[in-house]
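Reviewing the structure listed below.
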Amino acid sequence: MNSIVRLMPDATALQPDFRSAMRQLVGGVSVITVGRGDEVTGMTVSSLSSLSIEPASVIVSLNRNASSWPILQRERVFGANLLAAGQVGVAERFSGKGGLRGAERFAGAEWRKHVTGVPLLVGALAALDCEVEEIIERHSHGIVIGRVVHVEVAPQSAALAYWHGGYVHVDRDEDVARLAPLGGPDPQDEP
Ligand SMILES: Cc1cc2nc3c(=O)[nH]c(=O)nc-3n(C[C@H](O)[C@H](O)[C@H](O)COP(=O)(O)O)c2cc1C
């Protein structure tokens, strides 16, 4: 066992190691969309995850300084768009890099409204229309619990993930054989 345990004198001293630790965590990349009509925006996240199946609900952590935050709080609805491997460009636009703001971030991709009226990305691996069930404000972030009211699922198999500060592809067809010995899905089990 080669784990390293260190005693840290204070919380600030812990931060570099904590950042390094979190870089080890592979995260699926999604775009949270907020707003309706002209006032739309959104942000790239890796913190989206499933909360429960029954009822269908998700959880996501959003920085309260992000431009999406006040709109989410006011409108109480959001879209969660799970990006496919080919959608790095969308992730970049919604990460705030390049200074794109609001509706500018939506250019170059196709968006469609479903139940709540927030734009959902056509061609995403999956897109969830959500109503805010609860917001827990903690530290710099808000933990948002969303009740899923509509689901779009696409047939693509390659997902976009973020790991060690960069985008990576997870391709079911290419990677499944390599993943199988680690306990991944058995290709024989595929429908
Ligand atoms: C791959 C990736 C994952 C991110 N994950 C999160 C996240 O989970 N929560 C968050 O608050 N910000 C996250 N960010 C940062 C936001 O995308 C960024 O701060 C936001 O788009 C800036 O928004 P603004 O310019 O509208 O204020 C992530 C950025 C990237 C590139």
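Every number for a ligand or one of its atoms is a count from 1 in the order of the listing. Side-chain atoms are counted along with the backbone in the values below, which use heavy atoms only and exclude waters and symmetry mates.
Heavy-atom minimum distance, R105 versus G96: NH2-CA, 3.6 Å. For the residue pair C130 and V58, the shortest heavy atom distance occurs at SG-CG2, 4.0 Å. Between E137 and Q73, the closest heavy-atom pair is OE2-NE2, 3.1 Å.
Checking side-chain atoms of S47 against main-chain N and O of V60 turns up no donor-acceptor pair under 3.5 Å.
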Tabulation required: pairs of a nitrogen or oxygen in ligand 1 and a protein nitrogen or oxygen under 3.5 Å; columns are atom names and distance to 0.1 Å; otherwise 'none'.
{"from": "ligand 1", "atom 1": "5 (N)", "to": "S46", "atom 2": "N", "distance (Å)": "3.0"}
{"from": "ligand 1", "atom 1": "8 (O)", "to": "S46", "atom 2": "N", "distance (Å)": "3.3"}
{"from": "ligand 1", "atom 1": "8 (O)", "to": "S47", "atom 2": "N", "distance (Å)": "3.3"}
{"from": "ligand 1", "atom 1": "8 (O)", "to": "S47", "atom 2": "OG", "distance (Å)": "2.6"}
{"from": "ligand 1", "atom 1": "9 (N)", "to": "S61", "atom 2": "O", "distance (Å)": "2.9"}
{"from": "ligand 1", "atom 1": "11 (O)", "to": "N63", "atom 2": "N", "distance (Å)": "2.7"}
{"from": "ligand 1", "atom 1": "14 (N)", "to": "T44", "atom 2": "O", "distance (Å)": "3.2"}
{"from": "ligand 1", "atom 1": "17 (O)", "to": "T44", "atom 2": "N", "distance (Å)": "3.4"}
{"from": "ligand 1", "atom 1": "17 (O)", "to": "T44", "atom 2": "O", "distance (Å)": "2.7"}
{"from": "ligand 1", "atom 1": "21 (O)", "to": "F94", "atom 2": "O", "distance (Å)": "2.8"}
{"from": "ligand 1", "atom 1": "25 (O)", "to": "R101", "atom 2": "NH1", "distance (Å)": "3.4"}
{"from": "ligand 1", "atom 1": "25 (O)", "to": "R105", "atom 2": "NH2", "distance (Å)": "2.8"}
{"from": "ligand 1", "atom 1": "26 (O)", "to": "S67", "atom 2": "N", "distance (Å)": "3.4"}
{"from": "ligand 1", "atom 1": "26 (O)", "to": "S67", "atom 2": "OG", "distance (Å)": "2.2"}
{"from": "ligand 1", "atom 1": "26 (O)", "to": "R105", "atom 2": "NH1", "distance (Å)": "2.9"}
{"from": "ligand 1", "atom 1": "26 (O)", "to": "R105", "atom 2": "NH2", "distance (Å)": "3.2"}
{"from": "ligand 1", "atom 1": "27 (O)", "to": "S67", "atom 2": "N", "distance (Å)": "3.0"}

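Neither side chain, S30 nor N81, offers a donor N or O lying under 3.5 Å from an acceptor on the other.
W69 has its ring centre no less than 6.0 Å from the ring centre of F78.
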